[in-house]
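Structure record follows, encoded as structure tokens.
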Amino acid sequence: MKRSRLLAPLLAALVATTASAHHGWSEYNADKPLTLSGTIEESGYMQPHGFVRLKTADKTWLVVLAPPGRMENRGLPKENLAVGGQATVQGYPHRSNATELRAERITIKDKTTELR
């Protein structure tokens with residue numbers, strides 16, 4: 001019983017820290033929405049969020065997407081994020097990383113998927 005009293009605060013702190021790190025959406029500037037179009041150079045369909053590396057005319061962006069379950073439920077399967085495919089994303093740039101964007105929506109093959 002004594003051990004569980006000691007572990008409970010430690011576990012609560014760990015969960016709070018993990019949630020805080022995971023949901024750092026304040027790091028993205030919602031006052032400066034961007035629309036980017038380009039070629040998918042790499043993609044990941046994993047937890048906690050999927051991603052694509054999108055090559056635009058001037059640089060390659062890391063685009064943070066929604067969790068895989070949400071993308072799948074909204075009609076964006078892993079196959080649609082194929083390397084070499086074209087995509088347009090709308091979202092918010094990271095405040096301190098000039099090559100990162102949090103996507104609100106993504107359009108592939110004339111189909112737009114809301115991610116948030």
What is the distance from atom CG of Asp110 to atom OG1 of Thr88, rounded to the nearest 0.5 Å?
-> 9.5 Å
Under 3.5 Å: donor-acceptor pair, side chain of Arg74, backbone of Glu114 | yes
So does Arg95 pair up with Glu27, basic N to acidic O under 4.0 Å?
-> no
Please say whether more than 12 non-hydrogen atoms of neighbouring residues, nucleotides or ligands are located less than 6.0 Å from NZ in Lys59.
-> yes
For Asn73, all residues meeting side chain to side chain contact (heavy atoms under 4.5 Å, CB included), sequence neighbours excluded = none
Hey, what do you get for CG (Leu54) to CD1 (Ile106), rounding to the nearest 0.5 Å?
-> 7.5 Å
Are Arg70 and Arg116 close enough that some pair of their side-chain heavy atoms sits under 4.5 Å apart?
-> yes
d(His94 NE2, Asn29 CG) to nearest 0.5 Å is 11.0 Å
How long is the span from the CD atom in Gln90 to the OG atom in Ser37, to the nearest 0.5 Å?
-> 9.0 Å
Under a single-linkage definition using a 4.5 Å side-chain heavy-atom cutoff for Ile, Leu, Val, Met, Phe, Trp and Tyr, are Met46 and Leu62 assigned to the same hydrophobic cluster?
-> yes
Over all heavy atoms of both residues, which pair between Pro67 and Gln47 is shortest? Give the atoms and the distance, please.
-> CB-OE1, 4.0 Å
Identify the heavy atoms of Pro68 and Pro48 that sit nearest to each other, and give their distance.
-> CD-O, 4.5 Å
Do NZ/NE/NH1/NH2 and the carboxylate oxygens of Glu41 and Arg53 come within less than 4.0 Å?
-> no
Got more than 12 heavy atoms from elsewhere within 6.0 Å of NZ, Lys109?
-> no
Is there a path from Tyr28 to Leu65 through hydrophobic residues (I, L, V, M, F, W, Y) whose side chains come within less than 4.5 Å of each other?
-> no
Shortest non-hydrogen pair, Met71 vs Ala66, comes out as CE-O, 3.3 Å
Please report the closest heavy-atom contact between Leu101 and Pro93, naming both atoms and the distance.
-> CD1-N, 3.6 Å
Considering all heavy atoms of both residues, which atom of Ala87 and which atom of Ile108 are nearest to each other, and what is their separation?
-> CB-CG1, 3.9 Å
Heavy-atom check, side chain of Glu100 versus side chain of Val64, under 4.5 Å = yes
ILVMFWY cluster, Leu115 and Leu34 together (side-chain gap under 4.5 Å) = yes
Between Leu76 and Leu81, is any pair of side-chain heavy atoms under 4.5 Å apart?
-> yes
Identify the two heavy atoms, one from Tyr45 and one from Glu72, that lie closest to each other, and give their separation to 0.1 Å.
-> OH-OE1, 3.1 Å
Stepwise side chain to side chain contact (heavy atoms under 4.5 Å, CB included) test for Arg105 and Val89 = CA-CA 6 Å; Arg105 64 196 52 84; Val89 293; over 6 Å; no
Lys/Arg-Asp/Glu bridge criterion (N-O < 4.0 Å) met for Glu104, Arg102 | yes
Any chain of hydrophobic side-chain contacts (each under 4.5 Å) joining Tyr92 to Val52?
-> no
